[in-house]
Amino acid sequence: MSKYDVVVVGGGAAGLSAALVLTRARRRVAVVDAGEPRNAPAAHVQGFLGSDGLPPSELLAAGHSEVAGYGGDLMSGTVATITQCAQTGAHARLRFDVVLEDGSTLRTRRVLITTGLRDEIPDIPGVRERWGRDLLHCPYCHGYEVRDQPLGVLGGAPEAVAHAHLIREWSSDVVFFTNGATLTVDQREQFVARAIGVVDEPVTRLVVENDQLTGVELQSGHVVPRAAVFVRPHFVPNDDLLVRLGCATHDNGWVAADATGRTSVPGVWAAGNAVNPRAQVITAAGEGSAAGIAINNDLVDEDLPIAVANLRLPV
């Protein structure tokens, strides 16, 4: 059985940043990653200081190289279970067994979960195929690249109206497709005030020509020309491991973690989109770095009384 100070589950920006901090602190670290990054369909990472415009795969490759350079172990695989080991003795240390689907087990003192989230998007033909390309969700990630172009916003989610007003900052040509949602009188007035068009007819598909989105087709067959469409997805955290460990949750169902990523279960930490739906790549990296520092401090706090007790043992 391999033994570590910290096992990081999830090898995205949060997990790799934490691993970099911890390996540089001379901790023995393993990063287990299932190889399904959320931003894989995107061509570039935007708004990441120093790496703006870098393809996601290149950012991860650089992270892998840096973590491996400080002695971290990078493993491809999926974690099946995490079990806390029984503690005995006055100064017993926390221990966890992390079992991978291939049957291998990693014993570790701390666990950091950075497994991200899943985006649930409308079941409209073309939406899933264009996801991350010209069917977009985050204007801070993609808005600049489609600035001043004809843009659409798909309604349906509770936050879609506010999303449309946000998108309006990047283009003066924005159309809101209600997609079955009912707008209030005030909402319609606000759209008029900001020159945002409204289409109430149901959407049947996204029109794609030459591998590029060109419009939104309505139930009547009419096509509204658009260069890109934004949608507000429903965020679903990949938090099964945290829930099964017994971590407390907020009223909205998301696992609760403090500013350093500490959960309610001693020794278990979380960072990035697994606990924060608003975390962008650079935000997730920062959360991972903060978690790495906090975990290292926690390990020192655990070791200190044991070292003092050992010093006081009679000779």
Side-chain angles (χ1 to χ4, degrees), residues 38-39 41-49 52-53 56 117 119-209 211-220 222-235 273 276-284:
R38 180 190 178 199
N39 62 354
H44 305 100
V45 175
Q46 306 291 354
F48 197 118
L49 187 63
D52 184 62
L117 61 74
D119 297 287
E120 290 188 350
I121 52 181
D123 186 20
I124 296 174
V127 164
R128 187 158 298 283
E129 293 85 345
R130 306 308 300 178
W131 178 242
R133 302 177 68 187
D134 34 31
L135 189 285
L136 311 165
H137 84 281
C138 176
Y140 298 103
C141 301
H142 306 288
Y144 189 84
E145 282 61 44
V146 295
R147 65 193 184 281
D148 299 327
Q149 298 185 45
L151 305 178
V153 178
L154 281 179
E159 307 87 353
V161 169
H163 208 49
H165 285 292
L166 192 61
I167 302 302
R168 176 65 177 77
E169 298 299 317
W170 278 268
S171 174
S172 59
D173 184 357
V174 176
V175 172
F176 182 78
F177 298 88
T178 58
N179 198 30
T182 300
L183 297 179
T184 66
V185 172
D186 287 346
Q187 287 172 330
R188 288 186 182 277
E189 182 182 48
Q190 290 166 358
F191 278 147
V192 171
R194 302 205 68 210
I196 296 174
V198 175
V199 172
D200 290 304
E201 192 174 336
V203 172
T204 55
R205 70 181 180 106
L206 301 184
V207 180
V208 178
E209 298 174 346
D211 197 30
Q212 182 155 356
L213 190 152
T214 58
V216 177
E217 185 176 286
L218 308 178
Q219 195 172 53
S220 64
H222 176 68
V223 175
V224 181
R226 298 288 95 183
V229 173
F230 284 80
V231 65
R232 186 64 182 261
H234 176 58
F235 301 132
N273 285 145
N276 178 7
R278 296 185 179 278
Q280 294 182 298
V281 178
I282 192 169
T283 317

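Position 1 is the first residue of the sequence; numbering continues from there. Only heavy atoms go into these numbers, but all of them, side chains included; no hydrogens, no water, no symmetry mates.
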Salt bridge or not for Arg128 and Asp123, using N-O below 4.0 Å? no

Least distance between heavy atoms, Gln187 atom then Leu183 atom: OE1-CA, 3.4 Å

Can a donor-acceptor pair be found, under 3.5 Å and without considering hydrogens, that links the side chain of Arg130 to the backbone of Asp211? yes

Between Asp119 (side chain) and Phe235 (backbone), is there a donor-acceptor pair under 3.5 Å? no

Heavy-atom donor-acceptor pair, Gln212 side chain to Glu209 backbone, under 3.5 Å: no

Any side-chain heavy-atom pair of Val175 and Val198 under 4.5 Å: no

Taking it one step at a time, do Asn179 and Ile124 satisfy side-chain contact (heavy atoms from CB on, under 4.5 Å)? CA-CA 10 Å; Asn179 198 30; Ile124 296 174; 3.7 Å; yes

Answer yes if the ring centres of Trp170 and Phe230 are under 6.0 angstrom apart, and no otherwise. no

Donor-acceptor contact present, side-chain Asp52 to main-chain Gly47, <3.5 Å: yes

Hey, could you give me the CZ/CD distance between Phe48 and Gln280, rounded to the nearest 0.5 Å? 11.0 Å

What's the shortest heavy-atom distance between Ile196 and Ala164, and which atoms? CD1-O, 3.9 Å

Are Phe177 and Val153 packed together at the side-chain level, in the sense that at least one heavy-atom pair is separated by less than 4.5 angstrom? no

Under the 3.5 angstrom rule, does the side chain of Glu201 hit a backbone N or O of Ser220 as a donor-acceptor pair? yes

Going by heavy atoms in the side chains, are Leu136 and Val229 under 4.5 Å from each other? no

Polar side-chain atom of Arg168 near backbone of Arg194 as donor-acceptor pair, under 3.5 Å: yes

Apply side-chain contact (heavy atoms from CB on, under 4.5 Å) to Val203 and Leu218, showing your working. CA-CA 4 Å; Val203 172; Leu218 308 178; 4.2 Å; yes

I need the full list of side-chain hydrogen bond (donor to acceptor under 3.5 Å, both in side chains) pairs touching residues 225-235, with sequence neighbours left out, sorted by first then second residue. Asp173-Arg226

Heavy atoms from other residues, nucleotides or ligands near CD of Glu189 exceed 12 (cutoff 6.0 Å): no

Non-neighbouring partners of Phe191 that pass ring-ring contact (aromatic ring centres under 6.0 Å, His included), sequence neighbours left out: His165, Phe176

So which atom in Gly156 and which in Ala181 form the shortest heavy-atom distance, rounded to 0.1 Å? N-CB, 4.2 Å

Sequence neighbours left out, what passes ring-ring contact (aromatic ring centres under 6.0 Å, His included) with His163? Give chain and number order. none

Does Leu151 offer a backbone N or O that forms a donor-acceptor pair with the side chain of Ser171 under 3.5 Å? no

Nearest heavy-atom pair of Glu145 and Cys141: which atoms, and what distance? OE1-O, 3.6 Å

Heavy-atom pair of closest approach, residues Leu213 and Ala228: CD2-N, 4.2 Å

Tell me which one of Thr178, Val127, Ile121 satisfies side chain to side chain contact (heavy atoms under 4.5 Å, CB included) with Leu154. Val127

Minimal non-hydrogen separation, Ala279 against Asn273, with atom names: O-ND2, 2.9 Å

